[in-house]
Each structure stands twice: as C-alpha cells, then as structure tokens.
Colleague: 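Here it is, the structure, as structure tokens.
The figures here come from the full heavy-atom set of this structure, side chains too, leaving out hydrogens, waters and symmetry mates. Sequential numbering from 1 along the given sequence is applied to the chain's residues.
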Amino acid sequence: MRRATVALSLLVLADSSWAQAAEPAAHAGWVSLLPSLVAIGLALVIRQVLPALMAGLLVGAWAVTGFDLGQLFPALLATADTYMLGALAERDHASVILFTLMVGGMVGVVSKNGGMLGIVERIVRFADTSRKAMAATVAMGLTIFFDDYANTLVVGNTMRPITDRLRISREKLAYLVDSTAAPVACIGLVTTWVGYEVGLIRDALSGIEALDLNPYLVFLNSIAYSFYPLLALLMVGMVVARGRDFGPMLRAERRARGGQVAPDSATGLVGDDELERMQPDDGVPLQARNALVPIATLIAGVVGGMFVSGEGESVREIIGSADSYQALIWGSLLGSLVAIAMSVLGRCLKLDHAVLAWLSGAKSMLMAIVILVLAWALSSINEALGTAEFLVSLLTGELHPGLLPALVFIAAALTAFGTGSSWGTMGILLPLMVPLAWALQDAAGVPPEAALPVLYATVASVMGGAVWGDHCSPISDTTILSSMASRCDHIEHVRTQLPYALLAGLCALLLGILPAGFGWPWWLCLGLSGAALLALHGYLGHRPETDPAI
C-alpha cells in the first residue's frame with residue numbers, strides 16, 4: 001500500500017481576513033479523510049444529517065489550519081463566510097437552488113388547485129378489483145413522477161379508501177407507495193431530485209481536470225446503471241401482476257383478505273386534521289389539466305431549452321453542449337407561471353392564494369437546499385485537503401477500479417439506512433466518490449473513453465444505494481410519509497417492505513453493479529439481475545389463501 005506524506009500549504013490570516021490555501025498540496029494524508037468520516041460517522045450515530053454535515057465542515061475548516069488551537073474559532077466562522085458563501089456564490093450552484101425552489105413551488109400550486117387530485121380521479125375510475133386497484137396505485141406513482149413527497153402523500157391518501165374496500169392490506173399499500181415514489185423520482189428526467197443530483201455531479205466533476213462533461217448528460221447516462229431503482233420498480237410490477245407475496249407481507253395480505261386490513265396494534269403517525277391540510281380547499285374543481293399542462297410545460301421547457309442552448313449536428317452533440325442549468329431554470333419558471341395562471345384564470349385559486357401555495361411548495365424544499373449547500377461546502381474542503389488524491393494513494397494497487405461501484409453502493413446504503421436521508425447520503429458521497437472513480441482508473445492506465453462506464457456506474461451506485469438504504473430505514477422521511485399517508489403502522493410497513501427491498505438490492509448488487517464495474521454492458525447486467533429477481537420472486541411468492549378479487 002503506497003502512502004504519501006505531503007505538507008499542506010496554508011494561508012492562515014491575511015489583512016485580518018480568513019483565507020484558505022490557494023494551491024493545496026497533493027493531499028493532507030489521513031487528515032484529509034476526517035471531514036467526511038466525521039460527517040458520515042456522526043450521521044450514523046445521531047441519525048441527523050444537518051448537524052453531521054456541519055460538524056464535518058467545522059473539522060475540515062480547522063484541518064486546513066493545521067489544527068491550530070488558536071484558529072478554532074476563525075475556522076468556525078470560515079465554515080459560513082468562506083465555504084458556505086463560496087458554495088452559494090457560484091453561478092451553477094445558484095442555478096440549481098433556483099430550479100429546486102421553482103419546481104417545489106409549482107408542485108405546491110398544482111396540489112392546491114386540485115390538479116393533482118384530478119389526475120388521480122381519472123386513474124382510479126377503473127379500479128374495481130384488488131389487482132386493478134394495485135395497478136392504479138402504481139400508475140399514479142409513475143404519473144406523479146416529479147416529486148417523491150407529493151407522490152407519497154397524494155397516492156397514499158387517495159387510494160387508501162379503495163384498497164380498504166377491496167381488502168388490500170395497509171402494509172401492501174404503503175409498500176406500493178414507498179417503492180414507487182423515490183425510485184421514479186431518482187431516475188426521472190425532470191424531477192425535484194434532478195437539480196440536486198446534477199448539482200452534486202457538477203461539483204464532483206469540477207475536481208477532475210482531465211474531464212469536461214456536461215453534468216446533466218452524466219446523469220442521463222447513469223440511469224442505465226441505476227439497477228436498484230429500476231429493479232425496485234420491476235419488483236413492484238411483479239407483485240401487482242402476479243398477485244404473489246412472501247414473508248411478513250404474505251401474512252398481512254392473508255389477514256386483509258379475511259377482512260382486517262390493518263393489525264389490531266396499528267397506530268397512525270398523524271391525525272385526520274393534519275392530513276386534511278394537505279388537500280385542496282372545499283369547492284375547488286378537481287381538473288387534471290391544471291396539473292398536466294404545467295407539468296408538460298416544465299418538461300417541454302427543459303427539453304426546448306437544451307436544444308436552444310446547445311450546438312451540434314446530432315441530438316447527442318446538442319444535449320452534450322447545452323447549458324442544462326439554464327434549460328432547467330427556463331422549464332421550471334414556465335411551469336410555475338402556467339400553474340399560477342391556470343389556477344387564477346380558471347378560478348380555482350385567487351392570485352394571493354396561488355402565490356401562497358407557490359411559496360409553501362418552495363418552502364418545502366428548504367431542507368434539501370440547506371443540505372445541498374453544506375454538501376457543496378464540504379466538497380470544497382475535501383478538494384482543498386486532497387481527499388480523493390489520498391484515497392487513490394491508499395487504494396492504487398490494492399483495489400481494482402471495477403470493485404468501486406459495488407463498494408460505493410454498499411457504503412451509500414449503510415449511510416442512508418443510518419441517517420434516513422437519501423439526499424444527505426448523496427450529498428456526502430457523490431463529491432467524494434466520483435473523482436475517486438476517475439483517479440483509480442487513471443492510475444490503472446484505463447483510457448478515458450473506457451473509464452466512462454465505471455464513472456457512470458459510480459454515480460448511479462451512490463444514488464441507487466441511497467434509495468436502497470432509505471427504503472430499509474425506519475427513520476427515512478419517505479418511509480415515514482408512506483406509513484402516514486397509508487395509515488399503516490410504521491413498524492409493520494418497515495417489516496413487510498424490508499424483504500422486498502433486500503431481494504431487489506442483492507440482485508442489483510451481485511448481478512448488476514458488480515459485473516458492470518468489470519466492463520459488462522449495462523443491458524446485459526440489467527437483463528441478468530431482472531431475470532434473477534423474476535425467478536426468485538416466482539419461487540418465494542405465494543397467493544393469499546382467500547383471494548376473491550384477484
């Protein structure tokens with residue numbers, strides 16, 4: 001194992017102002033790992049992402065000073081006036097924040113004006129059997145693809161009376177809601193996740209001097225390697241189509257077929273009054289077009305913006321050269337304006353109510369933005385300390401680059417499980433692991449073009465592992481929301497979903513991510529992992545004993 005001891009050049013105080021090293025050394029040795037280790041470790045212990053990121057940020061800022069005790073307080077100040085401010089001041093970062101706010105605002109308007117429930121009403125009209133009801137639940141989850149929170153709350157609350165009537169267990173409803181929301185939001189082309197993910201990818205790529213890639217294009221290419229989100233959706237489809245279950249879910253379904261949709265010990269997370277506040281006001285017409293048109297405008301605006309800002313002869317060249325941040329801002333702005341205009345002109349909402357709904361939706365994205373800013377700041381400290389360079393010095397010759405995506409997937413899953421936050425996990429790991437994936441391959445002599453698949457697989461492994469850990473975690477926000485919206489006992493939801501998530505995750509890891517890291521084509525890996533999941537579900541799954549509706 002090769003190790004390097006390189007002194008970290010510092011600028012401590014200049015003209016009574018704080019400054020960081022303008023040209024950092026290759027790396028700061030083991031010290032360079034401390035910020036990320038503190039952030040990840042503390043997140044696992046206290047199960048809170050924000051304090052963990054802030055602690056990692058403080059340790060990193062202090063590390064830049066060489067752990068000079070007299071500079072501890074200036075280091076604390078530097079976390080805000082140097083690193084956070086620097087993250088906010090960068091144009092691309094500001095673009096991501098603006099896009100995230102505007103998409104959140106649009107979601108708030110189309111929820112309040114009845115458009116979201118209008119879409120739901122159209123879908124549930126044909127749900128007159130248990131299989132059709134489950135299919136309708138999945139269809140709604142795929143339709144409301146652009147935000148996992150909106151997806152979870154709308155689908156769970158809307159379908160619960162229907163699934164209760166058709167004797168589908170609350171555990172099954174919570175599973176269908178939870179295992180559709182985050183996977184489709186994670187890989188959707190235009191979602192509230194996209195700005196966050198693209199922002200992190202962009203920040204990670206900035207540390208790779210030899211690589212000049214459009215971060216949105218990297219995200220698009222990573223979708224093919226997003227094995228767990230894709231297999232989670234496949235698993236949901238198989239459960240619905242076959243009507244087969246196993247483990248605790250099978251017992252829950254057998255109980256529900258006997259007329260008891262929830263266990264005797266079931267306890268809800270929130271009361272009826274709290275759920276009621278999430279619905280449109282009484283008298284608001286539930287018209288699907290009030291949501292469909294703004295969503296279509298958002299998508300068309302982003303796609304059109306890519307073509308307007310890009311150059312080239314082929315579609316790939318145009319998208320590759322496009323200003324993705326500009327296109328995302330254009331699309332989200334147009335979608336928000338159309339949503340407000342349709343709400344006011346259609347007399348669904350007064351102008352002040354529409355504006356308040358937009359502000360409420362934007363406000364719901366505040367936590368994500370704070371996490372994003374802290375993650376950006378932590379990334380800049382890791383770059384100053386040379387964290388990626390140090391990891392390469394440790395792992396070169398010891399770790400085959402092909403193993404990295406699988407190890408990253410496991411690390412992301414464990415972090416998300418312990419913290420309950422897929423976003424926090426991505427914020428910590430993406431800026432760290434993407435440069436490492438590139439540097440390991442460069443050190444192994446892999447040509448740049450041949451190194452791209454592993455780079456894409458690493459990006460996908462962080463996001464997929466984060467969603468996997470999130471699905472298994474009892475402290476996950478989306479898991480809690482799924483239990484809440486479905487009125488399912490939370491522990492029962494976790495118990496019944498866990499075997500399904502583990503099965504899909506293991507298939508994704510062993511037959512998807514691992515061989516993809518060693519150069520197997522993504523389509524072959526996806527086919528193998530999908531076929532294995534199909535076979536295992538057929539072997540393990542059984543129909544409920546009493547099943548009149550299916």
Colleague: Once you round to the nearest 0.5 Å, how far does CG of Leu498 lie from OG of Ser473?
Modeller: 10.5 Å
Colleague: Has Ser336 got a side-chain atom pairing as donor or acceptor with Met102's backbone, closer than 3.5 angstrom?
Modeller: yes
Colleague: Could you check whether any side-chain heavy atom of Leu509 comes within less than 4.5 Å of a side-chain heavy atom of Leu514, counting everything from C-beta outward?
Modeller: no
Colleague: Would a 4.5 Å heavy-atom cut-off, applied to side chains only, mark Leu333 and Phe99 as touching?
Modeller: no
Colleague: Please name the residue in the list Leu220, Val198, Leu200, Val459 that meets the side chain to side chain contact (heavy atoms under 4.5 Å, CB included) test with Pro215.
Modeller: Val198
Colleague: Does Pro405 offer a backbone N or O that forms a donor-acceptor pair with the side chain of Ser461 under 3.5 Å?
Modeller: yes
Colleague: Compute the ring centroids of Trp468 and Phe417, then answer whether they are less than 6.0 Å apart.
Modeller: no
Colleague: Nearest 0.5 Å please: distance from the CG atom of Leu503 over to the CG atom of Leu506.
Modeller: 7.0 Å
Colleague: Could you walk me through whether Arg242 and His537 pass side chain to side chain donor-acceptor pair (under 3.5 Å), step by step?
Modeller: CA-CA 9 Å; Arg242 288 174 162 177; His537 178 259; 3.0 Å; yes
Colleague: Nearest 0.5 Å, please: how far is CD1 in Ile223 from CH2 in Trp522?
Modeller: 10.5 Å
Colleague: Donor-acceptor pair, distance only, cut-off 3.5 Å: does the side chain of Thr425 make one with the backbone of Ala416?
Modeller: yes
Colleague: Mark yes or no for whether Arg244, through its side chain, and Arg543, through its backbone, hold a donor-acceptor pair below 3.5 Å.
Modeller: no
Colleague: My understanding is that only one of Thr479, Leu173, Val177 makes a side chain to side chain contact (heavy atoms under 4.5 Å, CB included) with His493; could you say which?
Modeller: Thr479
Colleague: Does a side-chain heavy-atom distance below 4.5 Å link Ser169 with Arg254?
Modeller: no
Colleague: Checking the side chain of Asp470 only, and the main-chain atoms of Ala466 only, is there a donor and an acceptor separated by less than 3.5 Å?
Modeller: no
Colleague: Flag the pair Val194 / Tyr216 as yes when at least one side-chain heavy-atom distance between them is below 4.5 Å, and no otherwise.
Modeller: yes
Colleague: Quick one: pull up SG in Cys348 and CD in Gln287 and give me the separation to the nearest 0.5 Å.
Modeller: 5.0 Å
Colleague: Output the distance between atom CE (Met238) and atom CG (Leu231), rounded to the nearest 0.5 Å.
Modeller: 8.0 Å
Colleague: Any ion pair linking Arg251 and Glu171 (charged N to carboxylate O, less than 4.0 Å)?
Modeller: no
Colleague: I'd like to know if the side chain of Tyr500 and the backbone of Phe246 have a donor-acceptor N/O pair within less than 3.5 Å.
Modeller: yes
Colleague: Would you say Val109 and Asn290 make side-chain contact, with heavy atoms under 4.5 Å?
Modeller: no
Colleague: Could you check whether any side-chain heavy atom of Phe219 comes within less than 4.5 Å of a side-chain heavy atom of Ser222, counting everything from C-beta outward?
Modeller: yes
Colleague: Are any non-hydrogen side-chain atoms of Ile168 and Glu253 less than 4.5 angstrom apart?
Modeller: yes
